[in-house]
Structure formats: C-alpha cells, structure tokens
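Here the structure is a predicted model, which is why all the values come from computation and not from measurement. Throughout, protein chains are lettered first and strands after them, A, B, ... in sequence-line order, and every chain is numbered starting at 1.
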Number of protein chains: 2
Amino acid sequence: MRETDLPHRRLRTWIRLLRMTRGMENHLREYLRVNHDTTLPRFDVMAALYRATGPMKMSELSRQLLVSNGNATAVVERLEKEGLARRVPGEGDRRVVLAELTDKGRELFAAQASEHRGEVDRLFSMLGHEELDALRDILHRVEEASDGQNG
Amino acid sequence: MRETDLPHRRLRTWIRLLRMTRGMENHLREYLRVNHDTTLPRFDVMAALYRATGPMKMSELSRQLLVSNGNATAVVERLEKEGLARRVPGEGDRRVVLAELTDKGRELFAAQASEHRGEVDRLFSMLGHEELDALRDILHRVEEASDGQNG
DNA sequence: GATATATATTTCAAGCTTAAAGTATCTAGC
DNA sequence: GCTAGATACTTTAAGCTTGAAATATATATC
C-alpha cells in the first residue's frame with residue numbers, strides 16, 4: 001500500500017527539506033547583505049573562527065564548514081584583504097596554516113552575530129520545544145548513521 | 001532556565017540542520033558526478049522540467065528552484081548546448097521564454113533519476129514512517145508560517 | 001639518509017550564483 | 001495612441017565553489 005512506500009516518502013521529504021533550507025538561506029543571505037553588507041560564506045567562516053578557542057588550521061576550517069579546502073582559502077583570503085582575518089604559519093608543522101580573526105574581525109562579527117541570532121529566532125518562531133525535540137532526535141539519527149558510514 | 005531558552009535552541013537546531021543538508025548535498029553531488037557525469041544544479045533544473053506537464057516559463061523555473069532568474073538562464077543555456085533542453089518563445093506574451101527537455105534530455109534524466117532516488121533512499125534509510133511523519137509536521141508548520149509572511 | 005608515500009595548503013579552470021543593469025514587451029491611464 | 005510603469009528575460013561583474021593539479025613539507029621504509 002501507499003502508506004508503506006518508504007523510498008518515495010524519503011525522496012519527497014528530502015526535496016521539501018532542501019527547499020525549506022534554501023528558502024531560509026536565501027532569507028538570511030538577503031538579511032546579511034542589506035543589514036551588514038556581508039555574505040553567507042563570509043559569515044560562516046567568521047563564525048567558525050570566532051567560536052574556535054585559538055587559531056584554526058585551514059583544513060579544520062574546511063572540514064567544519066563542509067566545503068573544499070580551495071574554497072576555505074578563497075574566503076579567508078578575501079577576509080584577510082578586508083583586515084577581518086589573518087593567516088599565520090603553523091608552529092611545529094610547516095605545511096600548516098592557521099587562520100584567526102583580527103580584533104576588527106572579532107568586533108564586527110560579534111555585532112553581526114547577535115542580530116543574526118535574532119533573525120534566525122524570528123524565522124523559526126513557529127517551532128517550540130516539542131518540534132525542536134523532534135528535530136533533535138531526527139538529526140541525531142541521521143548523524144549517527146553518517147558517522148557509521150564515514151568517520 | 002536553560003530548558004526554556006528557545007532562541008538558543010532555534011539557532012543551534014538551524015546550524016545542525018544546515019550542516020546535515022550540506023552533507024547530504026555533498027554526497028549527492030559526488031554521486032551525480034561519479035555515476036552520471038552531471039552536477040546538482042543541472043539535475044535540479046532537469047527534474048523541474050521533467051516533472052512539468054509542458055514547456056515551462058523561465059520565471060516559473062527559477063521560482064520553483066528558489067534561484068535567481070539569471071541563474072536559471074545560465075543553467076538552461078548549458079543544458080541547451082548539450083542538447084538536453086531547448087528554449088522556445090512564448091505564444092501569447094512575447095516576453096516569455098519557455099524551457100523544456102529534449103527527447104535526449106528526458107531519456108537521460110529518467111535514467112539518472114531512478115538511480116538518484118535509490119541513493120536518496122539509502123541516505124535516509126535511518127528514517128522510518130515515524131520520523132517522516134514528524135518531519136512532515138515540522139515542514140508544514142514552517143511552510144505555513146512562511147506563506148503567512150510572504151505569499 | 002634516500003626514496004616513496006602521505007598530508008596540508010594553494011592555485012587553477014570551469015561552472016555556479018547573485019544582484020543590478022539592460023532590453024524587450026505588455027498593461028493602465030490618460 | 002501615448003506615456004508611465006510593470007513584467008519577463010538576459011547580460012554582466014563580482015564573488016562563490018568545486019575538483020584536480022601543483023607545491024611544500026612530513027613520515028615511513030628500506
């Protein structure tokens with residue numbers, strides 16, 4: 001019967017989920033552009049560097065953001081040009097390059113992030129604890145399964 | 001108390017959700033590249049044209065995929081160069097351009113899509129009816145709220 | 001310690017994506 | 001039927017993104 005056609009349901013759900021996240025991303029891109037004159041990738045890189053306890057390996061950065069290492073290089077390079085980030089050679093291993101925010105970068109991001117958080121909160125205001133619990137469980141299941149396959 | 005900090009939970013959930021969909025997209029991009037020598041945007045455009053009952057307005061295409069109209073033009077142009085899609089002028093309104101798959105495009109997509117569906121099914125094999133129900137409800141809530149704000 | 005292999009990053013070419021400007025056409029109001 | 005503004009699409013410039021090649025360094029094996 002129709003109710004047990006899991007493959008079909010999974011595909012439909014994936015398409016809807018993707019559409020939803022794209023819509024939200026588009027909204028946040030516009031928000032960052034208009035209110036903070038910045039872009040999503042810049043914001044994501046700055047967020048990762050801001051959260052990090054210290055200078056961060058370029059490879060760690062691209063791993064965290066799930067982007068190619070060439071991409072990480074490019075975005076950090078642009079941030080560097082604007083004086084928001086800097087790259088320093090690694091200490092022990094001379095292949096390594098570490099990235100970190102400048103003071104200017106930290107300050108700017110802190111301001112952007114607090115407003116960004118408010119916007120995300122508004123975007124998801126229709127989700128209460130119950131829905132967030134359900135999402136938490138689902139994401140947990142997905143992550144668990146992916147860990148089993150890859151790492 | 002911590003349990004009622006909805007803004008924080010919403011932000012965390014959004015970040016995790018985004019990370020999950022990115023991981024899945026990366027997997028599917030790789031899958032399409034290796035197994036079908038194509039890309040995600042090409043696949044998405046072909047899927048939209050395939051599903052449509054007839055030739056599709058360029059504006060409708062970009063609206064459905066949530067991408068800019070310039071983007072739709074670019075991807076369709078590339079598909080056209082490879083003989084997979086074609087553009088024809090609209091009948092009544094001469095500003096309109098309609099896009100559709102060629103026979104070659106339809107045939108190719110049908111083959112790609114059936115395998116793609118299988119891959120999505122494998123990727124989400126950890127989700128059964130219960131989780132899909134929960135996701136359906138959540139997506140419904142989000143869509144409802146977005147409809148209220150925009151359209 | 002020389003050589004082979006692995007790892008970390010950058011560079012490169014091609015494609016993707018956006019926002020804004022440009023072109024063509026349509027519709028409304030006069 | 002003219003004009004003003006709206007709509008549909010394309011073009012353009014800049015930035016984003018990938019995968020692969022290139023560079024530099026580290027590690028392992030002999």
Side-chain angles (χ1 to χ4, degrees), chain A residues 18 21-23 25-46 55-82 84-99, chain B residues 18 21-23 25-46 55-82 84-99:
Chain A
L18 201 48
T21 56
R22 269 194 206 163
E25 276 197 308
N26 285 351
H27 184 113
L28 288 171
R29 174 184 301 114
E30 174 78 358
Y31 172 81
L32 288 175
R33 185 177 67 83
V34 170
N35 295 92
H36 298 290
D37 191 30
T38 189
T39 67
L40 229 27
R42 274 171 163 84
F43 185 83
D44 288 345
V45 165
M46 291 182 79
M56 193 177 193
K57 286 175 61 177
M58 292 301 291
S59 49
E60 169 67 8
L61 184 60
S62 57
R63 200 188 59 72
Q64 264 194 32
L65 300 180
L66 301 182
V67 299
S68 69
N69 29 18
N71 184 358
T73 297
V75 177
V76 170
E77 214 158 49
R78 281 180 215 112
L79 290 175
E80 207 166 23
K81 262 180 205 154
E82 297 172 29
L84 302 174
R86 88 169 62 84
R87 276 179 295 184
V88 298
E91 303 248 317
D93 189 332
R94 283 190 301 174
R95 293 169 302 180
V96 166
V97 173
L98 302 170
Chain B
L18 201 48
T21 56
R22 267 192 206 166
E25 275 196 310
N26 285 350
H27 183 113
L28 289 171
R29 174 184 299 113
E30 173 79 359
Y31 173 81
L32 287 175
R33 186 177 66 83
V34 171
N35 294 93
H36 297 291
D37 190 31
T38 189
T39 67
L40 228 30
R42 274 171 163 82
F43 185 83
D44 287 346
V45 165
M46 291 182 80
M56 194 176 191
K57 284 174 64 176
M58 292 299 292
S59 49
E60 169 66 8
L61 185 60
S62 58
R63 200 188 58 73
Q64 263 194 34
L65 300 180
L66 301 182
V67 298
S68 68
N69 31 14
N71 184 359
T73 296
V75 177
V76 169
E77 214 157 49
R78 281 179 214 109
L79 290 176
E80 207 166 24
K81 262 181 203 153
E82 297 173 28
L84 301 174
R86 89 168 63 83
R87 274 178 296 184
V88 297
E91 304 249 318
D93 190 332
R94 283 189 303 174
R95 291 169 303 180
V96 166
V97 173
L98 303 170

Taking all non-hydrogen atoms of both residues, which atom of [X] and which atom of [Y] are closest, and how far apart?
| X | Y | value |
| --- | --- | --- |
| A:E25 | A:L40 | O-CD2, 3.6 Å |
| A:V76 | A:A99 | CG1-CB, 4.4 Å |
| B:R42 | B:E82 | NH2-OE2, 2.6 Å |
| A:A72 | A:L61 | CB-CD2, 4.4 Å |
| A:S62 | A:S59 | OG-O, 3.1 Å |
| B:L98 | B:P55 | CB-CB, 3.8 Å |

Say whether, by atom type as modelled, one donor and one acceptor occur between the side chain of B:N26 and the main chain of A:L66 under 3.5 angstrom. yes
Rounded off to whole Å, could you give me the [atom1]-to-[atom2] distance for the [X] and [N] pair?
| X | N | atom1 | atom2 | answer |
| --- | --- | --- | --- | --- |
| B:F43 | D:dT18 | CZ | C1' | 19 Å |
| A:D37 | D:dA14 | CG | P | 15 Å |
| A:E25 | D:dT17 | CD | C1' | 13 Å |
| A:L79 | D:dG15 | CG | P | 12 Å |
| B:L40 | D:dT18 | CG | P | 11 Å |

Footprint string (nucleotides 6-12 of chain D, 5' to 3'): B base within contact, S backbone only, - free, heavy atoms under 4.0 Å: BBSBBB-
Is the distance between the ring centroids of A:H36 and A:Y31 under 6.0 Å? yes
Between which nucleotides of DNA chain C, 5' to 3', does chain B make heavy-atom contacts below 4.0 Å? C:dG15 to C:dC26
For A:G92 and for A:P41, locate the closest nucleotide of DNA chain D by heavy-atom distance; then report the residue assigned to the nucleotide nearer the 5' terminus. A:P41
Any base atoms under 4.0 Å from B:R63, or only sugar-phosphate, or nothing? Heavy atoms, all strands. nothing
